[in-house]
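Take a look at the structure below.
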Amino acid sequence: MNDFSGKTVLITGASKGIGKAITLEFSKLNANVIAVSRTKKDLESLQKETSNAIEIWDEDITKNSFYEKISTLKKIDICINNAGMNKPKLIEDVDDETLDMMLNLNIRSVYKTSQAVTSIMKKNLGGVIINVTSQMGHVGSPKRSVYCLTKHAIEGLTKALAIELAEHNIRVCSIAPTFADTPMTRPMFEDKKFHDFVYNMIPLKKLVDVDDIVSGIIYLSSSSAKMITGTSLVIDGGWTAH
């Protein structure tokens with residue numbers, strides 16, 4: 001069993017969905033968790049569910065104040081860049097507000113957060129950065145031109161940083177799931193056309209469980225993955241094998 005005692009883990013988008021599950025698991029594994037979200041109420045609710053004490057930051061990760069707060073920390077061993085968003089639209093329907101919002105959250109905030117934690121990890125002679133991307137960072141799909149753009153960008157960032165930071169014993173990986181079975185996605189699958197499209201694209205004919213994603217992140221964060229960097233763990237039931 002993995003034990004992250006003494007490790008400090010920073011997780012963005014921590015209060016709901018995949019981020020919440022990641023936070024709960026690291027807490028169970030004795031990590032010192034810093035859970036980041038814009039919603040204090042959700043963070044306080046999460047805090048009550050954890051088996052060990054976690055530190056909560058109600059911060060907007062697109063703001064410089066968040067990166068400045070990171071710089072005050074003495075130690076970060078693992079950074080999970082999990083926060084992100086999507087607004088599926090045909091390219092001609094993508095307005096500037098949607099475009100800028102997604103570029104800012106899905107790309108810029110990941111870059112700036114990685115930049116901030118890298119300085120700390122270098123001082124501590126190592127660390128792990130894991131970017132939660134998507135299978136859409138490896139393929140294309142209708143109504144997801146902006147989302148695919150952002151996730152492809154982070155896959156590229158993952159490779160570039162892995163090479164740049166290897167000499168400092170900092171590993172950088174991504175994890176790229178297909179559609180997960182969550183309360184947020186279930187209403188989407190009430191649309192039969194969308195349901196059939198997704199299941200026809202997944203050879204294993206099932207969605208990803210959140211636990212599958214969490215297990216992948218725990219593995220990549222652990223010493224068992226000490227030689228894994230600059231690559232993406234694709235958990236997609238075979239979608240990208242087409």
Side-chain angles (χ1 to χ4, degrees), residues 11-14 16-19 22 36-38 60-64 66-67 79-118 129-165 172-180 182 184-185 187-189 191 193-194 197-198 200-202 207-208 210 213 216-217 220 229-242:
I11 304 167
T12 67
K16 293 180 181 178
I18 294 168
I22 298 167
V36 186
S37 172
R38 288 181 294 182
D60 183 342
I61 67 167
T62 67
K63 302 296 184 184
N64 286 335
F66 170 61
Y67 316 128
C79 174
I80 313 294
N81 286 312
N82 170 68
M85 66 170 293
N86 186 22
K87 284 192 174 184
K89 293 183 179 183
L90 293 170
I91 188 167
E92 63 264 32
D93 296 329
V94 175
D95 55 277
D96 286 350
E97 182 181 3
T98 297
L99 176 61
D100 292 344
M101 188 182 304
M102 290 180 65
L103 292 175
N104 199 25
L105 179 60
N106 291 9
I107 299 178
R108 187 178 187 277
S109 74
V110 174
Y111 191 95
K112 293 292 290 183
T113 300
S114 300
Q115 188 177 51
V117 301
T118 293
I129 298 171
I130 299 176
N131 299 317
V132 179
T133 62
S134 166
Q135 68 183 15
M136 298 303 174
H138 298 265
V139 294
S141 192
K143 296 184 179 181
R144 285 169 171 77
S145 59
V146 183
Y147 190 69
C148 289
L149 159 67
T150 63
K151 295 304 181 179
H152 275 75
I154 298 305
E155 290 291 350
L157 175 65
T158 298
K159 292 179 181 298
L161 288 184
I163 294 170
E164 181 176 326
L165 300 177
V172 187
C173 298
S174 67
I175 190 160
T178 189
F179 291 92
T182 67
M184 184 178 71
T185 61
M188 297 165 58
F189 288 93
D191 180 338
K193 185 177 180 181
F194 180 75
F197 166 70
V198 169
N200 285 336
M201 290 298 294
I202 301 176
L207 303 181
V208 167
V210 171
I213 302 170
I217 287 174
L220 290 175
T229 193
T231 194
S232 181
L233 176 57
V234 184
I235 307 178
D236 70 344
W239 184 308
T240 60
H242 283 283

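This chain uses plain numbering: 1 for the first residue, then up along the sequence. As a basis for the values below, the full set of heavy atoms in this structure was taken, side chains included, without hydrogen atoms, waters or symmetry mates.
In this view, Thr113 satisfies the side chain to side chain donor-acceptor pair (under 3.5 Å) rule with no residue, not counting sequence neighbours.
Going from atom CE of Met201 over to atom OG1 of Thr240 covers 9.5 Å, rounded to the nearest 0.5 Å. Atom CG of Asn131 sits about 7.5 Å away from atom SG of Cys79, to the nearest 0.5 Å. The distance from the CG atom of Leu233 to the CD1 atom of Ile175 is 4.5 Å, given to the nearest 0.5 Å. To the nearest 0.5 Å, atom CE of residue Met85 and atom OH of residue Tyr147 are 10.5 Å apart. Atom-to-atom distance recorded for Leu157:CG and Ile129:CD1 is 8.5 Å, nearest 0.5 angstrom. Remark: Ile213 CD1 to Ile22 CD1 distance equals 7.5 Å, nearest 0.5 Å.
In this structure, Thr62 contributes its side chain and Leu105 its backbone to no donor-acceptor pair below 3.5 Å. Although no hydrogens or angles enter the test, the distance criterion places no donor-acceptor pair under 3.5 Å between the side chain of Asn82 and the main chain of Ile11. Using a distance-only test at 3.5 Å, with no hydrogens or angles considered, no donor-acceptor pair links the side chain of Tyr67 to the main chain of Val117.
The two residues Ala180 and Thr185 make their nearest non-hydrogen contact at O-OG1, 2.6 Å. Scanning all heavy atoms of the two residues, the minimum distance from Gly13 to Ala83 falls at N-CB, 3.8 Å. Residue Gln135 comes nearest to Asp236 through the heavy atom pair OE1-CB, 3.5 Å, listed as atom of the first residue, atom of the second, then distance. For Arg144 against Met136, the heavy-atom pair with the smallest separation is CD-CE, 4.0 Å. Summarising the geometry of Gly140 relative to Cys148, their closest heavy-atom pair is CA-SG, 3.9 Å, with the distance given to 0.1 Å.
In the displayed structure, Leu90 atom CG is contacted under 6.0 Å by more than 12 heavy atoms of other residues, nucleotides or ligands. No more than 12 heavy atoms of other residues, nucleotides or ligands shown are found within 6.0 angstrom of OH on Tyr111.
For the pair Ser114/Leu161, a side-chain contact is recorded, criterion being any heavy-atom separation below 4.5 Å from C-beta on. You'll find the side chain of Pro142 reaches within 4.5 Å of the side chain of Phe197, heavy atoms only. Side-chain contact between Val110 and Thr12 is absent, with no heavy atoms from C-beta onward closer than 4.5 Å. For the pair Leu103/Leu149, a side-chain contact is recorded, criterion being any heavy-atom separation below 4.5 Å from C-beta on. Side-chain contact check for Asn106 versus Asn86: every heavy-atom pair is 4.5 Å or farther apart. For the pair Leu165 and Thr118, the minimum side-chain heavy-atom distance is below 4.5 Å. Within the 4.5 Å cutoff, the side chain of Ile202 has heavy atoms near those of the Leu207 side chain.
Listed by first and then second residue, the salt bridge (charged side-chain N to carboxylate O under 4.0 Å, His left out) pairs involving residues 92-101 are Lys89-Asp95 (not counting sequence neighbours).
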**OP:** Show your working on side-chain hydrogen bond (donor to acceptor under 3.5 Å, both in side chains) between Glu155 and Ser174 and close with a plain yes or no.
**Re:** CA-CA 7 Å; Glu155 290 291 350; Ser174 67; 2.8 Å; yes
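Using the six-membered ring where Trp is involved, Trp239 and Phe179 have ring planes that are tilted, between 30° and 60° apart.
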